[in-house]
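Sequence positions, counted from 1, serve as the residue numbers for this chain.
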Amino acid sequence: MSRSVLFAKAMMLASCFMLSMPLIASEREANTGTPPLVVNEYVSTPIETKHGLSLYDSPELPVDFAYFPHVNPSAPKGGTITHTAVGGSFDSTNPFIIRGTPATGISNIYDTLMASNPGEPFSLYGLLAKGVRLDPNREWIEFDLRSEARFQDGEPVTAYDVVFSFNLLRDEGNPFYASYYAGVERVIAQSEHQVRFEFNDTESRELPLIVAQLPIFPRHYWEPRDFTAPTLAAHPGSGPYRISNVDPGRRIVFQRDENYWGKDLPVNVGRYNIDQIVYEYYRDRDIAWEAFKAGLTDFRVDARAATWAIGYDFPAYRDGLVKRITVPDVNPSMMQAFVFNLRKEKFQDPRVREALSLTFDFPWLNTNIFYDTYQRTESFFQNSEMEAVGPPSEEELALLAPFRDELLASHQSERLFTEPLPVAHPTELRERLRLALDLLREAGYDVVDGVLVNNDTGRPLSLEVLLYDSGLERVVQPMLRNMARLGVQTSLRIVDINQFLNRQRSYDYDMVISHFPQSNNPGNEQRDYWTSAAAEAPQSRNRMALAHPAVDALVEQLIRAEDRESLDTVAHALDRVLRWGFYVIPHYHSGETRIAVWDKFGYPEPFPEYAMDLDAWWVDTDREAELQRRHRRR
């Protein structure tokens with residue numbers, strides 16, 4: 001779990017998450033073994049080498065910390081954890097490229113230069129790197145690598161692997177990485193164990209920490225191979241787990257590496273305790289749920305309110321063999337939403353988008369399907385100080401003022417500049433549909449023989465929702481019925497995961513469900529969510545194809561925010577532009593993570609503040625053996 005948090009930004013688009021960077025040697029040298037060392041040509045005032053980095057201040061833990069405060073340093077090793085993976089199948093163990101459907105959990109095999117502490121919002125401590133030097137002007141950062149670091153095939157991890165990994169991701173990986181690392185001018189191996197990143201963007205406070213989270217690939221393995229092609233190979237990393245078994249489309253198994261080079265580092269003590277991590281694939285949530293109840297899987301995040309409310313009346317739970325754990329969310333609640341594809345002419349008018357958004361009857365869903373366990377999501381930074389509330393402040397208006405004409409044209413309203421958030425829409429469905437019809441008529445539509453028709457083109461307004469998870473059908477169908485009451489021609493298409501991904505990559509949809517996770521420190525990944533550059537980029541998270549100069553400018557200001565107050569102000573302004581544009585139909589959130597487990601796990605309590613850190617859990621192997629005997633008797 002925490003390794004997923006560590007990769008949350010660097011891999012956000014690969015699972016979901018081209019500038020040519022020069023290698024440190026010529027092409028001839030790069031293909032004939034280790035390149036010659038590059039002499040450090042920079043002469044400057046010596047800069048202190050530190051053990052950690054933090055976004056705005058200093059890391060909380062001292063240089064001599066022995067382990068993260070939340071872990072049990074004496075946690076036992078052994079056992080297995082079997083996760084449920086819903087979505088059908090996978091056909092690749094490379095999650096960093098566009099092609100293929102990647103397997104879950106690949107981040108377990110990779111180390112990064114530095115590791116995050118789940119008890120701090122955004123601080124990093126040495127992993128592959130034992131020390132770091134950051135230029136006061138943020139023109140460069142240097143890492144000193146640990147000489148003992150090894151890949152799983154025994155080869156040493158060197159600065160040349162770091163240079164190779166960066167260039168490989170930028171040049172051949174998912175296009176997201178070219179955007180994510182756009183502020184890096186070049187990467188230089190200054191010796192076998194020292195690497196420097198030089199920046200052309202010195203205003204992004206997050207950029208040094210972003211490069212510190214770079215996953216490092218073995219150059220000797222990948223250089224002779226086609227990185228862009230899907231593969232099912234158990235390729236080596238340098239992390240605590242290795243790929244031990246790949247059953248395409250069905251399961252993938254990761255085995256704890258007994259010889260893991262970094263097992264005694266402070267960032268790893270008390271962590272990576274479980275011997276085997278297994279992901280079992282199921283095409284359907286209901287089948288996955290039955291598999292969990294039967295003990296075929298032993299850990300699940302329960303995202304279905306009905307199951308959580310009434311589904312646990314089965315023998316194993318009644319006998320105390322299954323536990324439920326609720327973990328409060330301290331990070332911003334993720335925006336999950338129906339996303340309009342603005343590449344379609346019919347969704348260009350914001351009045352149409354607003355009208356269609358009014359058909360989503362959250363109060364009915366919450367009462368009749370969700371057991372009143374959810375809250376409506378309003379903001380793209382929900383439940384954080386970055387969420388825009390009330391009328392815009394003078395500071396926000398100053399940020400928006402240079403784009404006033406463009407915003408008035410795109411939003412077709414002054415509400416962005418004058419009215420408070422959240423948007424004051426009616427609560428009762430009949431009133432919502434009445435307002436929706438008024439908006440559609442303003443946009444040039446009218447109802448003819450029960451069908452909503454564009455007065456200029458004569459075409460009916462139609463909408464298809466594309467899904468791969470049938471479990472969400474119960475959320476979609478009530479909305480489509482309400483749209484049909486307005487005369488909209490609606491349909492729902494459920495396809496397998498591979499077809500879904502192919503259509504999503506080619507932007508062949510009217511509406512899909514998408515997710516926009518936010519950290520407490522949003523940064524470079526925002527380019528891939530909202531900007532013009534990402535609007536037509538393959539596999540970007542800008543599913544709606546939003547291209548607006550105000551959004552582009554606000555994203556860059558967000559990335560370059562010098563302090564927390566400035567970041568919050570820019571986030572407020574960005575939140576307002578997005579919400580008043582009605583680019584998505586927001587769903588809901590619970591404010592907590594609901595977990596069900598078979599009772600064989602131990603874990604430190606309380607959980608760390610900013611992530612649960614499943615890597616700090618362990619298995620009671622005696623208890624595991626008892627459960628296995630019970631399952632065999634059934």
Side-chain angles (χ1 to χ4, degrees), residues 1 4-5 8-9 12 15-16 86 121 285 300-311 324-340 357-390 421-425 427 465 467 469 471-476 478-479 511-522 525-526 529-530 541 543-544 568 571-572 574-576 578-596 607 609-612:
M1 181 76 69
S4 297
V5 171
K9 293 203 172 192
M12 196 172 290
S15 62
C16 340
V86 178
R285 287 189 188 189
R300 69 183 255 117
V301 176
D302 202 326
R304 182 176 286 182
T307 303
W308 191 256
I310 63 173
R324 295 195 294 174
I325 304 169
T326 301
V327 183
D329 289 341
V330 297
N331 293 305
S333 297
M334 180 177 65
M335 169 65 81
Q336 175 179 293
F338 297 110
V339 175
F340 295 106
S357 71
L358 287 163
T359 65
F360 186 73
D361 190 2
F362 171 72
W364 185 91
L365 287 172
N366 204 30
T367 300
N368 293 280
I369 295 180
F370 299 145
Y371 295 84
D372 290 319
T373 59
Y374 286 118
Q375 305 169 54
R376 182 73 189 275
T377 302
E378 301 280 0
S379 168
F380 289 87
F381 303 98
Q382 188 81 35
N383 292 337
S384 78
E385 59 193 21
M386 297 173 286
E387 176 183 353
V389 294
L421 287 173
V423 181
H425 280 149
T427 301
V465 178
L467 297 178
D469 183 354
L472 290 167
E473 184 175 359
R474 63 195 185 130
V475 176
V476 176
M479 181 182 71
M511 178 179 283
V512 293
I513 293 174
S514 195
H515 309 82
F516 303 95
Q518 297 287 1
S519 72
N520 283 296
N521 296 286
E525 76 284 348
Q526 303 299 308
Y529 286 171
W530 325 115
R541 289 294 280 273
R543 307 276 190 237
M544 68 283 287
D568 290 344
H572 295 161
L574 177 61
D575 197 26
R576 291 184 190 279
L578 296 173
R579 290 164 69 179
W580 283 112
F582 301 100
Y583 301 113
V584 304
I585 303 177
H587 286 188
Y588 37 80
H589 64 277
S590 67
E592 61 188 18
T593 300
R594 300 183 293 248
I595 299 167
F607 294 126
E609 186 172 358
Y610 292 96
M612 190 176 64

- request: Please report the shortest heavy-atom distance between Tyr610 and Asn331, naming the atom on each side.
  value: O-ND2, 3.0 Å
- request: Compare every heavy atom of Pro328 with every heavy atom of Thr326, then report the nearest pair and how far apart it is.
  value: O-CD, 3.7 Å
statement: Shortest non-hydrogen pair, Glu473 vs Leu467, comes out as N-CD1, 4.2 Å
Tyr588 side chain near Gln375 side chain, heavy-atom distance below 4.5 Å: no
message: Can you confirm whether Pro478 sits close enough to Asp361 that some side-chain heavy atom of one is under 4.5 Å from a side-chain heavy atom of the other?
response: no
query: Parallel, tilted or perpendicular: which describes the rings of Phe338 and Phe360, with under 30° parallel and over 60° perpendicular?
result: perpendicular
- request: Kindly indicate whether the side chain of Ile325, heavy atoms from C-beta on, has any atom under 4.5 Å from the side chain of Phe607.
  value: yes
message: I'd like to check Ser384 versus Gln518 (side-chain heavy atoms, cut-off strictly below 4.5 Å). Are they in contact?
response: no
message: Determine whether Asp575 and Gln382 satisfy the following criterion, side chain to side chain contact (heavy atoms under 4.5 Å, CB included), listing intermediate values before the conclusion.
response: CA-CA 10 Å; Asp575 197 26; Gln382 188 81 35; over 6 Å; no
message: Just so I know, are the side chains of His587 and Thr377 near enough to count as touching, which here means a heavy-atom distance under 4.5 Å?
response: no
task: List the steps, then state whether side chain to side chain contact (heavy atoms under 4.5 Å, CB included) holds for Tyr374 with Phe362.
output: CA-CA 9 Å; Tyr374 286 118; Phe362 171 72; 4.1 Å; yes
query: When rounded to the nearest 0.5 angstrom, what is the spacing between CG in Asn368 and CZ in Arg474?
result: 11.5 Å
statement: Note: Ser519 and Pro332 closest approach over all heavy atoms is O-CG, 3.6 Å
- prompt: Got Phe381 and Asp568 here, is their nearest side-chain heavy-atom distance under 4.5 Å?
  reply: no
task: State the OG-CE distance between Ser379 and Met386, to the nearest 0.5 angstrom.
output: 8.5 Å
- line: Note: Met335 and Pro586 closest approach over all heavy atoms is SD-CB, 3.7 Å
query: Any donor-acceptor pair under 3.5 Å linking the side chain of Arg579 with the backbone of Leu574?
result: no
- request: Compute whether any side-chain donor of one residue and acceptor of the other, for His589 and Asp329, lie under 3.5 angstrom apart.
  value: no
field: Pair Arg543-Tyr583, side chain to side chain contact (heavy atoms under 4.5 Å, CB included): steps then yes or no
entry: CA-CA 10 Å; Arg543 307 276 190 237; Tyr583 301 113; over 6 Å; no
- request: For the residue pair Arg324 and Asp302, establish whether any side-chain heavy-atom pair is separated by less than 4.5 Å.
  value: no
message: Within the 4.5 Å heavy-atom criterion, are Glu378 and Leu421 side-chain neighbours or not?
response: no
query: Atom OG of Ser590 and atom CZ of Phe370: how far apart are they, to the nearest 0.5 Å?
result: 11.0 Å
- request: Take Thr367 and Asp372, measure what side chain to side chain contact (heavy atoms under 4.5 Å, CB included) needs, and give me the verdict at the end.
  value: CA-CA 5 Å; Thr367 300; Asp372 290 319; 3.5 Å; yes
message: Ring centres under 6.0 Å, that's the criterion: do Phe516 and Trp530 meet it?
response: yes
task: Locate the shortest heavy-atom distance separating Pro517 from Arg541; write the atom from each residue and the value.
output: CD-NH2, 3.4 Å
